[in-house]
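See below for the structure under consideration.
All values below come from the heavy atoms of this structure, side chains included, with hydrogens, waters and symmetry mates left out. Residues take their numbers from the sequence shown, with the count starting at 1. Every value quoted in this text rests on a predicted model; they were computed, and no experiment measured them.
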Amino acid sequence: RLMSMPIALELTTPVADDRPVFVSGNFSQWIPASENLQMQRTGPTTYTYKFPENFPRPEVLEYKYNRGGWDHVELDFTGEGTQNRLI
């Protein structure tokens, strides 16, 4: 089943970094650096991604943030990889 509600993701990182941030998940075959899933920088450490209205999304959206590869995936406060985020 596809969701029809618009979804926007917002991310605040603890460190300013010039590398782009991407969102990857079960809606994109977990490809880590898909150009069409690059988040837009909205401040020195803040990013936003708005899914297009016609983007096919599963009922449960699983995703992670990364900086262009799985060797640069989102980490938790202990420095470990995070669990998948769910919507």
Side-chain angles (χ1 to χ4, degrees):
R1 189 169 90 178
L2 300 179
M3 294 171 43
S4 59
M5 293 177 41
I7 294 178
L9 303 176
E10 296 180 355
L11 170 68
T12 300
T13 65
V15 177
D17 191 322
D18 289 335
R19 295 175 296 161
V21 175
F22 300 88
V23 60
S24 304
N26 62 346
F27 50 87
S28 67
Q29 300 173 330
W30 294 96
I31 297 170
S34 180
E35 191 172 301
N36 64 332
L37 293 171
Q38 182 174 336
M39 299 185 79
Q40 298 301 307
R41 185 185 295 259
T42 56
T45 61
T46 56
Y47 299 83
T48 300
Y49 180 79
K50 294 179 183 175
F51 284 93
E53 287 186 33
N54 62 348
F55 195 85
R57 298 180 307 256
E59 186 172 339
V60 176
L61 195 72
E62 291 186 59
Y63 66 99
K64 287 188 178 190
Y65 300 112
N66 71 83
R67 291 201 181 264
W70 293 121
D71 54 340
H72 299 284
V73 73
E74 174 183 16
L75 302 176
D76 66 17
F77 67 94
T78 66
E80 299 294 320
T82 61
Q83 297 291 321
N84 293 349
R85 293 173 178 266
L86 302 172
I87 295 178

*Which atom names give the shortest non-hydrogen contact between M39 and V23, and what distance separates them?*
CG-N, 4.4 Å
*pair F27-P58: side-chain heavy atoms closer than 4.5 Å*: yes
*When rounded to the nearest 0.5 angstrom, what distance separates OH in Y49 from OG1 in T42?*
15.0 Å
_Residues which pass side-chain contact (heavy atoms from CB on, under 4.5 Å) with D17, listed by chain and number, not counting sequence neighbours_ = R19, R67
*Under 4.5 Å between any side-chain heavy atoms of W30 and N66, yes or no?*
no
*N54: what forms a side chain to side chain donor-acceptor pair (under 3.5 Å) with it, not counting sequence neighbours?*
none
*Who pairs with T78 by side chain to side chain donor-acceptor pair (under 3.5 Å), at least two apart in sequence or on another chain?*
D76
*State plainly whether one hydrophobic cluster holds both L75 and F22, where clusters connect Ile, Leu, Val, Met, Phe, Trp and Tyr through side-chain heavy atoms under 4.5 angstrom apart.*
no
_Heavy-atom donor-acceptor pair, N84 side chain to E62 backbone, under 3.5 Å_ = no
*Atom OH in Y47, atom CD in E10: separation rounded to 0.5 Å?*
14.0 Å
*T45: what forms a side chain to side chain donor-acceptor pair (under 3.5 Å) with it, not counting sequence neighbours?*
none
*Can you run down the ring-ring contact (aromatic ring centres under 6.0 Å, His included) pairs that involve residues 59-87, sequence neighbours left out, and say none if there aren't any?*
Y63-Y65
*asked:* Please say yes or no: joined through hydrophobic side-chain contacts below 4.5 Å, possibly via intermediate residues, are L11 and V73 part of one cluster?
replied: no
*asked:* Under the rule for salt bridge (Lys or Arg N to Asp or Glu O under 4.0 Å), what residues qualify as partners of R85, not counting sequence neighbours?
replied: E74
*With Q38, which residues qualify under side chain to side chain donor-acceptor pair (under 3.5 Å), at least two apart?*
none
*asked:* On a heavy-atom basis, which atom in V60 and which in L86 lie closest, and how many Å separate them?
replied: CG1-CD2, 4.2 Å
*If you round to the nearest 0.5 Å, how far is CZ of F51 from CG of L61?*
4.5 Å
_Donor-acceptor pair, distance only, cut-off 3.5 Å: does the side chain of S24 make one with the backbone of I31?_
yes
*asked:* Considering only residues two or more places apart or on different chains, which pairs with a residue in residues 35-50 satisfy salt bridge (charged side-chain N to carboxylate O under 4.0 Å, His left out)?
replied: none
